[in-house]
Amino acid sequence: MVSQSNGPPKSMTQLWTRKKEQNGHLSADSEKTLAAGQGAVPGMPNGGMGIEEGIEMQQLDMKQSAKEAEGDTESEEEDPFGHLPEHEAAVLRKQLDTPDVQVKYFTLYRYATRWDLIILFISCIAAIISGAAMPLMTVVFGNLTGQFSDYFAGLKSYDAFLDTLGGYVLYFVYLAIGEWITVYISTVGFIYVGEHVTQKIREHYLAAMLRQNIGYFDKLGSGEITTRITADTNIVQDGVSEKVGLTLNAIACFITAFVIGFIKSWKLTLILTSVIIAICMIMGLGSSFIVKWSAESQKCYAEGGTVAEEVLSSIRNATAFNTQEKLARQYDKHLEQAEVSGRKMQYVLATMMAGMMTTIYLNYALSFWEGSRLLVTGDIAVSSVITILFAVMIGAFSLGNVAPNMKSFVTAVAAAQKIFSAIDRVSPIDPHSPDGKKLEYVDGTVELKNVKHIYPSRPEVTVMESIDLKIPAGCTTALVGASGSGKSTIVGLVERFYDPVGGQVLLDGVDLQELNVHWLRQQISLVQQEPVLFSTTIFDNIRHGLLGTEYEDLDDEKIKNMVIDAAKMANAHDFISALPEGYETNVGARGFLLSGGQKQRVAIARAMVSDPKILLLDEATSALDTKSEGVVQAALDRAAEGRTTIVIAHRLSTIKTADNIVVMQQGRIVEQGTHDALLERRGAYYNLVEAQRIAAKQNDQIDVEDTMDLKRLPTEKDVQEYEEDPDDTDPNRLGRLATGKSVSKAVLDGRPEEQEANYGLFRLAKTVYSFNKPEKKWMLIGLFFCIIAGGGNPTQAVFFAKSITALSLPPALYGEMRSQINFWAGMYFMLAATQFIGYAGNGVIFGYCSERLVHRARNQAFRTMLRQDIAFFDQDKNNAGALTTFLSTETTHLAGLSGSTLGTILLVSTTLVAALTLGIAVGWKLGLVCTATVPIVLACGFLRFWLLAQFQRRAKSAYESSAGYACEATAAIRTVSSLTREEDVWIHYHAQLDAQAAKSLRSILKSSSLYAFSQSFMFLCIALGFWYGGTLIAKREYGMFQFFVCFSAIIFGAQSAGTIFSFAPDMGKAKQAAAELQALFDRKPQIDSWSTEGEKVPTMEGAIEFRDVHFRYPTRPEQPVLRGLDLTVKPGQYVALVGASGCGKSTSIALLERFYDPLAGGIYVDGREISSLNINEYRSHLALVSQEPTLYQGTIRENILLGADREDVGDEEVEQACRDANIYDFVISLPDGFQTLCGAKGALLSGGQKQRIAIARALLRNPKILLLDEATSALDSESEAVVQAALDKAAKGRTTVAVAHRLSTIQNADCIFVFEGGVVVERGTHGELVERRGRYWELVSLQSLGKVG
């Protein structure tokens, strides 16, 4: 199972037979646990209470089991390939099947080397020893107490006492040194092994991903690989790093404590074991309730989150209909339910915490009472009573530390399950497999024989049926046809991205399935429609084309020449040389610093550099504008010379020169031949050409009759014959490449940039408290309870000292001793009761306040989000997912700055102040010496938590950049596969991980020493207290009472103060969350939907005018969208906006809705500039029906009512709107009628039904202006007819502006505006524009061809 090799593998190939290393971190959870009760356990140097963690664990188990249950239901679903013949189903299954790997905990160490295992073994030993040190300290502590007692009883001389004292104090020092060494070794060891092991897992996972077939990726969710390589490996690392050490430490501590106890006195230890039972019962009972209420609260929040996500993902709709207030109320309903459950959970938590504290004090009472009885009978010594008292308590609480870590182990195994199943998956088309033939010589003839293809991710659609096609070597074959006809599928089959379910694909007469995949892909170069460049220099991007070929290892000079030659051939050399850094220019993530035409030419150079035998061009120019297209086309024509080329093109003008043109339709070949031969045949191709006759200049139009004009052009092109790509000489474009920014235009330059605000802690605390203002009185009462709880520790110190003094009485005074102990045990009982009240009181009150706080913060944050303008939501960081996450997680962090934190600070301050006052008052000398240790004790507490939080943060952030690199590669898997770049990607990734591992090892070595100090210095502080206190006792300056009051009040008081730092990470998160929230509240949108300013609009005619409107989207300022748009619409007119995508049609609709304001020019409705009108009143006269209809969870009636901006809408109005939208009969036919639920995002209705409900919603407003943004484009022909009829009906009697791609839907418009490049180039009715034979006529012809061909 474990590879025994040493030394790193040099390549991925070696990785198959060998294994390699990875990342680690300390967790804040487990140590928080140590703290949560650390000071809470008076007189206990290191205890802990894993309450919250225990609960978290149970919640996690619930989530886990829910996930598993989900998985089960999925697997029980019917087989998607059930309808196919068995042999076809088998081919598809093979491309998708993933093995189900059984992962046990020790499987996580599967890639550990022998060296790792040795380190792991040593670390385990060290962790066990460091765990045993704590209980051993109780023995020294107890024995010292016994020595004091003997000295006062006169059983020890002055010198003998000082000798013994010195010896025992040295034991403390030895324990401190031992603890430091063992903690250091175990921390470094576990983190190092954790990093190593997870690094190996990451590397194997990426290697496994890179060798999977493309069909497997089609099925994966977009974020899945990212999640696995970041979040899941972090979870695994969490489970194999220092938590293992902390768990072993806790178990060792528990066992040692009880062994010591039973050796000292089995009777007393057995009686005190009842404490463990009590603690377990309290925790068990409490956490079962907590899990119940927590799950309930989570469920309500999740429902609220769904509402929020639905609203934020369709924010344009909510804004257009002014439904923000209604939707916010809906969200708030869920929050209210969640708050009720949350409060119940907080109450149980408070009671549980109070129960734990009570148990501790009752344990003291029981120990002293029972101890005194055993003392009288002579069964036990004073020293043993103290040792057992502390040992049992330390043991009991260390057990509490095991549970939360178990959570990490369980989740690590669950996370590893998916990772290992991907690693163990055998890819049916594995580019790393050495199997398969490699042909000596490649001619380049490709042949498809009776091929049938089905995509594994869409088994219900047959993409190709019985295709026979021969592509001769050295010739250019073009594939044309409507989209979905199977053209790109041929490219996928030739690259062997997929295996066909029937027939064969042959290269030079050999079936591709018999050839070596890696070798095959080296013979082929692919240029895709959307070229993917990697985030490196232009030179490296082109050089990627040489990977895996015989040229890969040539010297740098030769490679450089090859790259430059390829760039020249691709017409890219000139523009690259013009850049400030030439070939060393970095292209940015996914090449975003280059224009489309430039990227495409770099991709062509990359494809050409290795001089491939077969060139595949998949719509390589379709994403370009006409100008860039000429340059790229010229490059492609040169590239295709003398090699087998398969071209897919939508624009027929680009493939006139092909040797063979294959026309495809619905997965079959309709006809093939040369351009001229096909034109003569006057079949499908003729119709396509006819429709695409492009008037190069509007006046110089080709005569339709003269089809022979499109004669074959000479293939030899002089370099100067193509037009220059304007982007090459655009100084802005070049400037942008040099600086990475675009030189934006005048208006945008004048705008101030949004500044990142910096808020002080006081300002943020004020923001957080403002949410709790109404609970001010309650919080004051809560603070009073905190003071009571804080006084417990110093009071306990007095009782403790009195009890020990009583126990030390000589045998002659045993009667007196019993009565004193009975009294002090009673006092402990009283203290337990007051502590219960104090802790329960402050927990309940602050729990209530923090639930109110989170509720109000969420509600306010959501409302503020809905207030923002659309530009805010266009920013990447403000997508619906990010904002929903912010609402669910960040707002809960605010509690860290709320009253409960203040309460904790007050509680700890009370403890410290009272302890110091008491200590110094009772014995100032010892008091002051002990006070000197307080900063060290506090620092230990702080360092422990701060470092653990640091480790977690470091482990998470350390691998972000390398994960980003891996994700970039897997996102572009087709490009990586076609370039056979898998090995190269893996080597880079491996190098990044290695560098990171070396860096993190240095940081671990430093920070672990501090962590070890924080664990061991405590012993030194106790040693100092005992040594100085002992010398004072020896001189008879102090009695037992004074010593124990000073010592336990101050040292143990300071320890409990250290627990404040368990809240430090929470306060850090709270500060960050508060800052983000404050920034959100402070952001004043430019177009504010809460605004009451502006002219009132009681009525509207509906006349619209755009005057010289210029516009660019705020997120893409370098991209002009509207460049001086002028258009006028009369009231009641039905106008249509048509044009190619990206020409500004939908933008005009968005500007009319006032989602944005134009940069220059103005939009006028009824002669008034719309930005001067009251925004909500203005929008109330408009209604928008968009391409993707937005429905929310709820009934059909509720969804339709969102259209009305008044509350008193009668049933008749709703029914009338439905009749007008052709949906009434359908709704009535449903069993629940208008009360039928729509499901999330309307999932339970078909597209046509959703669209008609959206139209009914729009009509319920009775708008004066109806905006239709491609309202039927997403529908099939049948639904389209019904919806179109509804729209035509709806348009009567109001101004209607329709954007349409399907021109048949707007033939009856009063006026059609044809857009191109952000301006109107033609206007008129359908008939007028067709006669003019211009841009519109060309669009109409293009669309009729889809039907013909």
Quiz item: After noting the C-alpha distance and the side-chain angles of Met356 and Phe397, does the key distance pass the side-chain contact (heavy atoms from CB on, under 4.5 Å) rule?
Solution: CA-CA 10 Å; Met356 304 284 281; Phe397 282 105; 3.9 Å; yes
Quiz item: Should Leu883 and Phe872 be marked as a side-chain contact (heavy atoms from CB on, under 4.5 Å) after you check the CA-CA gap, both sets of side-chain angles, and the distance that decides it?
Solution: CA-CA 11 Å; Leu883 293 176; Phe872 171 80; 4.2 Å; yes
Exercise. Given side-chain hydrogen bond (donor to acceptor under 3.5 Å, both in side chains), test Tyr759 with Thr767 step by step and report yes or no.
Key: CA-CA 11 Å; Tyr759 300 104; Thr767 305; over 6 Å; no
Quiz prompt | Worked verdict on Glu309 versus Thr306 for side-chain contact (heavy atoms from CB on, under 4.5 Å) | solution = CA-CA 5 Å; Glu309 201 273 332; Thr306 311; 5.7 Å; no
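The two residues Asn842 and Cys786 come nearest to each other via the heavy atoms CB-SG, 3.6 Å. Of all non-hydrogen atoms in Ile1050 and Ala915, the two that sit nearest each other are CG1-O, 3.8 Å. Here the closest non-hydrogen pair linking Gly791 and Pro794 is O-CD, 3.3 Å. Among all heavy-atom pairs drawn from Arg858 and Thr892, the shortest one is NH2-CG2, 3.2 Å. Between Gly305 and Thr884 the shortest heavy-atom distance is O-CG2, 3.6 Å. Across all non-hydrogen atoms, the minimal contact from Phe1081 to Gln860 is CZ-CG, 3.3 Å.
The pair Asp238-Lys407 does not meet the salt-bridge criterion, since no charged nitrogen lies less than 4.0 angstrom from a carboxylate oxygen. Between Arg856 and Glu775 there is a salt bridge, with a side-chain nitrogen of the basic residue lying less than 4.0 Å from a carboxylate oxygen of the acidic one.
Taken to the nearest 0.5 Å, the CG atom of Leu894 stands 11.0 Å off from the CD atom of Gln1072. To the nearest 0.5 Å, atoms OG1 (Thr910) and CG (Asn793) are separated by 11.0 Å. Rounding to the nearest 0.5 angstrom, the gap separating the CZ atom in Phe836 from the CG atom in Leu831 is 14.0 Å. Note that NZ of Lys1084 and OG1 of Thr864 are 9.0 Å apart. Values are rounded to the nearest 0.5 Å. Distance check: Asn1174 CG to Arg1179 CZ gives 10.5 Å after rounding to the nearest 0.5 Å. For the atom pair CZ of Phe862 and CG of Asp332, the computed distance is 10.0 Å after rounding to the nearest 0.5 Å.
Scanning for side chain to side chain contact (heavy atoms under 4.5 Å, CB included) contacts around Ile870 gives Ile315, Arg316, Thr319, Asp874, Phe1155, Tyr1156, with sequence neighbours left out.
For the residue pair Tyr839/Thr351, the side-chain donor-acceptor check at 3.5 Å is not satisfied. Judged purely by distance below 3.5 Å, without hydrogens or angles, the side chains of Arg867 and Ser1089 never pair a donor atom with an acceptor atom.
Cation-pi contact between Arg863 and Tyr331: absent, since separation from the ring centre below 6.0 Å together with deviation from the ring axis within 45° is not met.
Using a 4.5 Å heavy-atom threshold, the side chains of Lys299 and Glu296 count as separate. Side-chain atoms of Ile787 and Leu907, non-hydrogen and from C-beta on, never get closer than 4.5 Å to each other.
Atom CZ of Phe289 is surrounded by 12 or fewer heavy atoms from other residues, nucleotides or ligands within 6.0 Å. In Phe784, the CZ atom is not crowded: 12 or fewer heavy atoms of neighbouring residues, nucleotides or ligands sit closer than 6.0 Å.
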